[in-house]
Amino acid sequence: MQAYLNDCILSALDAMGGAPDGFSPEFEQPANPDHGDLSCNAAMQLARHFRKSPRVIADELAGHLSALPLDPKRVASVEVAGPGFLNFRFADAHLADQLKQIIDAGAAFGKTTSGTGKRALVEFVSANPTGPLTVGHGRNAVLGDTVANLLEWAGYEVDREYYFNDAGRQMRILGESVRARYMAHVNPDIPTKEIGEGEEVLTVPEPFPEDGYRGEYIDAIAGDLFETHGGDLDTADLDPFKKAAEKQIFADIEATLKRLGIHMDSFFNERTLYETNRVWEIIEAFREKNLAYDKDGAVWFKTTEFGKEADTVLVKSTGEPTYRLPDIGYHADKLERGYDLCIDIFGADHIATFPDVLDGIRSLGYDADKVDVVIYQFVTLIRSGEPVKMSTRKATYVTLDELMDEVGDDVTRYFFLMRSPNTHLEFDLDLAKEASDKNPVFYLQYAHARICSILRKAEETGLSREGRADLGLLDHPTEQALVKVMMDLPETIDRAAENREPHRLSNYLRDVAVAFTQFYGQCRIIGENDELAKARLQLADAARQVLANGLSVLGISAPERM
RNA sequence: GCCCUCGUAGCUCAGUGGAUAGAGCGUUGGUUUCCUAAACCAUGCGUCGCAGGUUCGAUUCCUGCCGAGGGCACCA
């Protein structure tokens with residue numbers, strides 16, 4: 001429709017002496033229904049060009065448009081309003097036609113082709129296996145998975161990847177923490193000590209590292225080791241403890257993700273980048289380009305070349321690379337795998353780190369424009385009106401599993417998706433628990449369940465929705481409003497995918513549910529004459545389909561009964 | 001000090017350079033012989049942080065200031 005009107009306006013402009021090169025009219029859906037179904041601001045844009053007031057230009061445009069003339073099956077009216085808007089009203093036949101298209105597309109309605117033929121990789125979660133996923137990881141996980149879903153609906157072929165490192169300092173401390181707990185299982189009389197200060201004081205076995213992991217899961221892993229091996233494990237060797245912890249924690253992480261409906265296509269271990277020598281090859285490449293040099297026993301990256309205030313370290317004097325080096329290698333690897341788009345989902349604390357990585361891969365000759373970073377702001381947990389400070393190591397956190405136990409899987413996903421990624425998310429636990437039945441997600445699901453109920457009841461009364469119906473009978477304002485909002489699903493998905501902003505879809509689905517509920521409140525289906533009932537049944541079924549499609553993109557269930 | 005994000009209704013937040021800035025929650029009142037009341041209808045709620053600039057037009061873009069959060073390690 002917009003393409004059609006675009007052409008019409010351009011030919012009208014030709015008749016008026018032509019528009020400037022490269023001009024294309026802008027369209028928008030007016031917020032106020034009195035302003036029609038689609039409005040165009042061409043007259044205002046061209047005020048300077050024609051040296052006339054927008055109002056006059058709009059009148060002339062409208063005149064030429066009616067002389068074309070406009071297809072009466074699509075456009076019912078065009079009028080000039082406000083400072084010079086051209087407001088178009090769609091013909092009823094057009095709406096019926098759109099509804100038919102929604103019905104025919106069915107479960108595929110909403111899919112677009114903007115990414116067709118392109119491959120995308122979404123990297124998310126990427127937590128090192130040092131503890132259970134927390135609420136903070138939850139936002140990352142749900143955001144990443146939903147962005148991936150959106151890209152799939154926009155036509156991309158999408159892979160989901162989890163990047164991790166099981167070799168660093170954190171993992172060593174993890175192993176030491178488990179080992180100390182294990183030693184206490186073997187010898188319950190082992191000397192203890194106190195670590196931490198104030199309210200955070202914890203009594204631990206003597207070998208427990210000062211900054212060790214305090215969570216109960218550590219002791220559970222140690223307990224399992226003791227049950228399996230008794231006291232036979234050699235505590236001089238840290239490796240078995242680290243391995244056992246990693247294995248168990250990864251299993252827990254995967255189980256949590258599965259509960260959220262998330263499946264990773266691949267796990268990428270940072271170690272690979274060392275085994276293939278890629279990181280050292282990158283350093284050599286940088287040296288050749290005069291972007292790396294030695295100083296104080298470390299290898300430095302000349303980030304000043306890219307406008308930074310200071311150079312940064314690539315390899316510490318201990319010989320251990322900083323995160324930058326493997327990250328550059330990892331992104332190079334992704335791009336070599338042929339992806340057209342690589343998306344990273346990062347918390348706001350990583351906001352300053354990725355420019356180095358992008359500069360790095362760009363200077364290696366890769367197309368850094370294919371990398372897109374989604375930054376989300378932190379989740380602030382509120383418990384009893386107080387913010388909860390979270391630390392994995394101190395075990396003052398709420399796990400994702402606990403959250404799902406409290407509020408349910410669908411609410412958890414929806415909560416993380418209902419706000420823009422770049423706003424701080426205030427998560428009031430008490431509110432989420434106590435008032436969970438007031439969560440908007442239920443409103444969407446309820447609308448879906450209600451339609452399913454109507455469809456069941458219609459079937460019982462022998463009313464069929466199969467076959468041809470006269471959709472032109474749907475002329476009630478609430479029916480037309482519903483069709484109009486349903487038509488927007490593909491564009492909403494496209495925009496949400498393009499901007500990596502799932503909340504656009506959450507908000508949209510609420511609009512659909514509202515439009516359906518208003519229709520439901522004013523129009524009956526069962527009990528009307530057969531022709532009208534059938535048309536309305538198909539309309540309701542289409543609304544059900546739109547809700548179901550949208551919810552599936554969000555990864556939220558669409559129940560048939562509630 | 002420098003960088004990033006945010007500042008919109010009592011609260012939590014939407015808002016594509018456009019017309020009278022929206023929704024949920026909360027407030028108050030009403031609605032059920034009727035396809036799900038987990039609902040609907042009505043109701044009030046605003047110096048869009050402040051000041052400039054660009055524009056026919058700015059909550060939206062630019063600059064400065066104020067405020068909140070995050071980041072500025074040989075941590076990730």
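Note on naming: letters A, B, ... go to the chains in the order of the sequence lines (proteins, then strands), and numbering restarts at 1 for each one.
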(request) Given side chain to side chain donor-acceptor pair (under 3.5 Å), test A:His137 with A:Thr134 step by step and report yes or no. (result) CA-CA 5 Å; A:His137 296 117; A:Thr134 66; 3.3 Å; yes
(request) Please measure how far the P atom in B:A19 lies from the corresponding atom in B:U60, and state the result in whole Å. (result) 13 Å
(message) Is the positively charged end of A:Arg450 above the ring of A:Tyr520, judged by distance under 6.0 angstrom from the centroid and angle within 45° of the axis?
(response) yes
(message) Output the rounded distance in Å from CD1 (A:Ile375) to P (B:G70).
(response) 15 Å
(message) In this structure, how many angstroms lie between the P atom of B:G18 and the CG atom of A:Asn87, rounded?
(response) 14 Å
(request) Please report, rounded to the nearest Å, how far the P atom of B:U16 is from the CZ atom of A:Arg504. (result) 6 Å
(message) I'd like to know if A:Thr322 reaches the base of B:C74 with its side chain, counting only an N/O donor and acceptor under 3.5 Å.
(response) no
(request) Looking at every strand, decide which applies to A:Thr461 at a 4.0 Å heavy-atom threshold: base, sugar-phosphate, or nothing. (result) nothing
(message) Between B:G7 and B:U16, how many Å separate the two P atoms, rounded to a whole number?
(response) 12 Å
(request) Please figure out whether A:Asn507 or A:Gln518 has its closest RNA chain B nucleotide nearer the 5' end. (result) A:Asn507
(message) For a quick test of reading the model: is some side-chain N or O of A:His424 closer than 4.0 Å to OP1 or OP2 of B:G7?
(response) no
(request) Rounded off to whole Å, could you give me the CG-to-P distance for the A:Leu325 and B:C75 pair? (result) 13 Å
(message) Tell me if the side-chain of A:Asn41 makes a donor-acceptor pair with the base of B:G18, cut-off 3.5 Å, by modelled atom types.
(response) yes
(request) Using whole Å, report how far CG of A:Leu444 lies from P of B:A39. (result) 12 Å
(request) Describe the nucleic acid contact of A:Arg561 in one word from base, sugar-phosphate, nothing, applying a heavy-atom distance below 4.0 Å. (result) base
(request) Establish, with yes or no, whether the OP1 or OP2 oxygen of B:U36 is under 4.0 angstrom from a side-chain nitrogen or oxygen of A:Tyr443. (result) no
(message) Would you say that more than 12 heavy atoms from the other residues, nucleotides or ligands in this model lie under 6.0 Å from the CG of A:Asp372, or not?
(response) yes
(request) Have a look at A:Asn128 and say if it touches a base, only the backbone sugar-phosphate, or nothing, with a 4.0 Å heavy-atom cut-off. (result) nothing
(request) On RNA chain B, check which nucleotide each of A:Gly297 and A:Leu86 is closest to and give me the residue with the more 5' one. (result) A:Leu86
